[in-house]
Amino acid sequence: MIGRLNHVAIAVPDLDEGIRLYRDVLGARVSEPQDEPDHGVRVVFVELPNTKIELLYPLGENSPIRSFLEKNSSGGIHHVCYEVEDILAARDRLTGEGARILGDGEPKIGAHGKPVLFLHPKDFTGTLVELEQV
Ligand SMILES: C[C@@H](C(=O)O)C(=O)SCCNC(=O)CCNC(=O)[C@H](O)C(C)(C)COP(=O)(O)OP(=O)(O)OC[C@H]1O[C@@H](n2cnc3c(N)ncnc32)[C@H](O)[C@@H]1OP(=O)(O)O
Ligand SMILES: [Co+2]
């Protein structure tokens, strides 16, 4: 059911420093920061030949990454995003398997303008999983 790895997300305590590290030190192509108020994050995409790295910085008081950064003060890998062809079919199959969909269970539009869902990290060996319909 899952397809390609769309991105690996890294939460960062300092977005400018994250951009500097990926652009100037590692020599990658890095997008302009974009605010995603529906998701409570500011994001930057690092474009690699085979996938993307999403640098995440909290936006707003209720950012879902705030407590993660409190526990991981240097930042850290926050989630992996797998592509699916049909997000509602994926959701129904996963809920049938007992996995918990985060939020209200309905897809939101993600940073690429496509529907996304998140699965509880405790149901996937401690890793927060995002699904994106492509
Ligand atoms: C723009 C979009 C896109 O790409 O298109 C995005 O990616 S937006 C990316 C940002 N959006 C999201 O992450 C949305 C989905 N995330 C959420 O709903 C939340 O972050 C949760 C995953 C439910 C965690 O919420 P919160 O940190 O407030 O809860 P909590 O501190 O009580 O954590 C509950 C337990 O889960 C663990 N936990 C929390 N975040 C985790 C993570 N990222 N990876 C692995 N484990 C994690 C905690 O350590 C804790 O375990 P212990 O109890 O063992 O200590
Ligand atoms: Co993401």
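One-based numbering, in listed order, for ligands and for the atoms of each. Reckoned from all heavy atoms, side chains included, excluding hydrogens, waters and symmetry mates.
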Sub-4.0 Å atoms of ligand 1 with respect to non-hydrogen atoms of [X]:
X	result
Pro121	22 (C), 45 (C), 46 (N), 47 (C)
Gly110	5 (O)
His7	4 (O)
Lys122	35 (C), 36 (O), 51 (O), 52 (P), 54 (O)

Tell me whether [X] contacts the main-chain N or O of [Y] through its side chain, where contact means a donor paired with an acceptor under 3.5 Å.
X	Y	result
Asp104	Glu106	yes
Thr95	Asp92	yes
Arg4	Thr51	no

request  = May I ask whether Arg66 places a heavy atom under 4.0 Å from ligand 1?
outcome  =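 No heavy atom of Arg66 comes that close to ligand 1.
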ask   = Of all the heavy atoms in Ala9, does at least one lie under 4.0 Å from an atom in ligand 1?
value =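 Not so, Ala9 does not reach ligand 1.
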The Co ion (ligand 2) and [X]: any N/O/S contact shorter than 2.8 Å?
X	result
Glu54	yes
His79	yes
His7	yes

So which heavy atom in the protein is nearest [atom], and how far is it from that ligand atom?
atom	answer
atom 55 (O) of ligand 1	Lys71 NZ, 4.2 Å
atom 6 (C) of ligand 1	Phe118 CZ, 3.6 Å
atom 44 (N) of ligand 1	His78 O, 3.7 Å
atom 26 (P) of ligand 1	Ser67 OG, 3.5 Å
atom 21 (C) of ligand 1	Leu102 CD1, 4.4 Å
atom 45 (C) of ligand 1	Gly126 O, 3.2 Å
atom 4 (O) of ligand 1	Glu54 OE2, 2.5 Å
atom 40 (N) of ligand 1	Phe68 CD1, 4.0 Å

ask   = Once the angle between the rings of Phe45 and His112 is folded into 0 to 90°, is it parallel (under 30°), tilted (30 to 60°) or perpendicular (over 60°)?
value =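 Phe45 and His112: tilted rings.
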ask   = Run the side-chain hydrogen bond (donor to acceptor under 3.5 Å, both in side chains) check on Glu130 and His7 step by step: do they pass?
value = CA-CA 9 Å; Glu130 178 179 5; His7 59 267; 3.0 Å; yes
query = Heavy-atom contacts under 4.0 Å between His79 and ligand 1: side chain, backbone, both, or neither?
reply =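 It is the side chain that gets close, since no backbone atom is under 4.0 Å.
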message = Applying a heavy-atom cut-off of 4.0 Å, say which part of Ala111 lies close to ligand 1: side chain, backbone, both or neither.
response =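 Both backbone and side chain of Ala111 come within 4.0 Å of ligand 1.
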request  = Just go through Ser63, Gly113, Ala11, Pro64 and tell me whose heavy atom is the nearest to atom 11 (N) of ligand 1.
outcome  =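 It is Pro64 that holds the nearest heavy atom.
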query = Considering only heavy atoms, which of His39, Glu130, Gln34 lies nearest to atom 3 (C) of ligand 1?
reply =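 The residue whose heavy atom sits nearest atom 3 (C) of ligand 1 is Glu130.
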query = Which atom pair, heavy atoms only, marks the closest approach of Ser63 to Gly40?
reply =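 That closest heavy-atom pairing would be OG-O, 2.7 Å.
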Quick one: pull up [atom1] in [X] and [atom2] in [Y] and give me the separation to the nearest 0.5 Å.
X	Y	atom1	atom2	answer
Glu132	Ile109	CD	CD1	9.5 Å
Tyr57	Arg66	OH	CZ	7.5 Å
Gln133	Leu117	CD	CG	9.5 Å
Leu128	Asp123	CG	CG	11.0 Å
His120	Ile101	NE2	CD1	11.5 Å
Leu59	Glu36	CG	CD	9.0 Å

Test side-chain contact (heavy atoms from CB on, under 4.5 Å) applied to His79 and Leu56, Val129, Ile65, Leu119, the passing residue =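 When Leu56, Val129, Ile65, Leu119 are each tested with His79, the side-chain contact (heavy atoms from CB on, under 4.5 Å) holds only for Leu56.
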If we count only non-hydrogen protein atoms and require a distance under 4.0 Å, does [atom] qualify as touching the protein?
atom	result
atom 28 (O) of ligand 1	yes
atom 15 (C) of ligand 1	yes
atom 34 (C) of ligand 1	no

inquiry  = From the N, O or S atoms in Glu130, identify the one nearest to the Co ion (ligand 2).
reply    =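 Nearest to the Co ion (ligand 2) within Glu130's N, O and S set: OE1.
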query = Taking C-beta and beyond as the side chain, do Leu94 and Met1 meet within less than 4.5 Å on heavy atoms?
reply =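 They are in side-chain contact.
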task = Show your working on side chain to side chain contact (heavy atoms under 4.5 Å, CB included) between Val80 and Phe124 and close with a plain yes or no.
result = CA-CA 11 Å; Val80 292; Phe124 287 92; over 6 Å; no
